[in-house]
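Lettering follows sequence order; numbering is per chain, from 1. Predicted model, so just to flag it, every value in this text is computed and none were measured.
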Protein chains: 2
Amino acid sequence: MTDRRARRHEATRQEILDAAWRLARERGLTGWSLREVATEVGMRAPSLYGYFGSKEAIYDAMFAEGSAQLLARTDAMPRPADPVDLLRAVAREFVDFCVADPPRYQLLFLRVVPGFVPSPASYALAEEVLERLRGVLAAAGVTSERAVDLWTALVTGLATQQVSNDPDGTRWTDLVDHAVDMFLASELATPR
Amino acid sequence: MTDRRARRHEATRQEILDAAWRLARERGLTGWSLREVATEVGMRAPSLYGYFGSKEAIYDAMFAEGSAQLLARTDAMPRPADPVDLLRAVAREFVDFCVADPPRYQLLFLRVVPGFVPSPASYALAEEVLERLRGVLAAAGVTSERAVDLWTALVTGLATQQVSNDPDGTRWTDLVDHAVDMFLASELATPR
DNA sequence: CGAGTACACCTAACGGTGTTAGGCAAACCG
DNA sequence: CGGTTTGCCTAACACCGTTAGGTGTACTCG
């Protein structure tokens, strides 16, 4: 049975994390201070250090949480049998995930926070996501390393353009199906 | 004839800008302070305000300078007559430009600096770049708005992946020709 | 050529940041 | 109940972008 105290500690940790996410969504990924987070949870800034060793550690926990969310979302996704439908669905899922929470997207996929590098533990989660993606692509007949790299470039490119240049519209998300068709036409035509 | 003093002022301005670029390349786009820039040019931080109204104004001048460099580089590019060769060349030129100076790339194409939005004057330069690109794509037979958007997503996606995940390698730059072929096969097959 | 002005640069300081040190009271454990 | 651990505090540090105000030098003009 987990310690009562440890559980309470974990809950406060999560409360801090939630406050950080809220502020990041309001003011941008790097537009918040520890003092603001502390105020949000009814503390003073130095008290946060009982829960996170630094501001970077908060970013790291956010990185892990974001990766876990993406993992959960792709796992929960319906899986059409047809390869084309499958890849369309996974691409749409990914771009939607990015557009739904731009700061989360920036944290996970752009290197936007000045000194931040995810810890090995958090990065392992992100690699797990890529691993699942590789599985889905293989199921659709796409196996080569180069094809996977091209896929990630294509899909993150769509997401980046959408988030950076038309955050409230659908100018690039509307292109997802078309982009997938283009990709498949090329990759399935030359299978190896 | 321009004022001696005005010329000297302009030279100092450029000196500050060069120092900022140098520091940005060393420590990351947002990893430098005004005090460091000032030291680099032999001043104290407040003196910089005689040349730029704020740190953001420095970023804005850097943005304009980066856009001008991209513009100059694409203008100076050899222009193969064959559409496929042309697009391959322009794509390679763009990705090389991005990879050659990651902070510059982040400043121009990712929204990485917390509060920074380019001024209308600087942004006009960036739009000029896009305008030239539209011209090149049209010369290769690609005219639709959607196709241009897909192109930018594809090319910036390759650049982002390269810069973010393999900054010293060629994992994604090696895919540029292949990506262009894929794009053209799809877009020229369905011209409108 | 001397007086007056504009300019380049300075120091001091303000409110903000992440972070450390040290203290005090409540909660837990034997 | 006594001792330890925990949770949170205040005070302070070094650094940040930025503003105010002062000083000497370089230029302009009568």
Readout for nucleotides 16-30 of chain C: B = base within 4.0 Å of protein heavy atom, S = sugar-phosphate only, - = neither; 5' to 3' it is -BBBB------SS--

Self-check item: Leading and trailing nucleotides of DNA chain D with any atom under 4.0 Å from heavy atoms of chain B
Solution: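 Both ends considered, the range comes out as D/dC16 to D/dC27.
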
Review point. By ring pair (Phe, Tyr, Trp, His ring centres under 6.0 Å), which residues pair with B/Trp32, not counting sequence neighbours?
Key: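 Counting only residues at least two positions away or on another chain, B/Trp32 forms a ring pair (Phe, Tyr, Trp, His ring centres under 6.0 Å) with B/Tyr59.
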
Sequence-distant partners of A/Ala19, side chain to side chain contact (heavy atoms under 4.5 Å, CB included), two or more places apart: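 Partners of A/Ala19 by the side chain to side chain contact (heavy atoms under 4.5 Å, CB included) criterion, ordered by chain and then number, come out as A/Arg22, A/Val37, A/Glu40, A/Val41.
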
Check: Which part of the nucleic acid does A/Tyr51 contact within heavy-atom distance under 4.0 Å: base, sugar-phosphate only, or nothing?
Finding: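 The residue A/Tyr51 makes sugar-phosphate contact but no base contact.
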
Those residues that, when tested against [X], pass salt bridge (Lys or Arg N to Asp or Glu O under 4.0 Å) (two or more places apart):
X       : value
B/Glu36 : B/Arg27
B/Glu26 : none
A/Arg88 : A/Asp181

DNA chain C-proximal residues of residues 8-30 of chain A, any heavy atom under 4.0 Å: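 Here the set is empty: none.
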
If you look only at pairs with a residue in residues 44-56 of chain A, which of them pass as a side-chain hydrogen bond (donor to acceptor under 3.5 Å, both in side chains), with sequence neighbours excluded?
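Not a single pair qualifies under side-chain hydrogen bond (donor to acceptor under 3.5 Å, both in side chains).
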
Residue pairs, two or more places apart or on separate chains, that pass side-chain hydrogen bond (donor to acceptor under 3.5 Å, both in side chains) and touch residues 105-120 of chain B: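 Matches after skipping sequence neighbours: B/Asp60-B/Ser119, B/Tyr105-B/Thr160, B/Ser119-B/Ser122.
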
**OP:** Sort and list the pairs that fulfil ring-ring contact (aromatic ring centres under 6.0 Å, His included) and have at least one residue in residues 152-176 of chain B, not counting sequence neighbours.
**Re:**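 Sorted result for residues 152-176 of chain B: empty, none.
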
Run A/Gln69 and A/Arg104 through side chain to side chain donor-acceptor pair (under 3.5 Å) and show every step you take. CA-CA 10 Å; A/Gln69 287 165 357; A/Arg104 182 179 59 185; 2.8 Å; yes

Less than 3.5 Å apart, which donor and acceptor atoms pair up between the side chains of residues 70-84 of chain A and the rest of the protein, not counting sequence neighbours?
from, atom 1, to, atom 2, distance (Å)
A/Arg73, NE, A/Glu93, OE2, 2.8
A/Thr74, OG1, A/Leu70, O, 3.1
A/Thr74, OG1, A/Leu71, O, 3.0
A/Asp75, OD1, A/Arg132, NH1, 2.6
A/Asp75, OD2, A/Arg132, NH1, 2.5
A/Arg79, NH2, A/Thr74, O, 3.0
A/Asp82, OD2, A/Val84, N, 3.4
A/Asp82, OD2, A/Asp85, N, 3.2

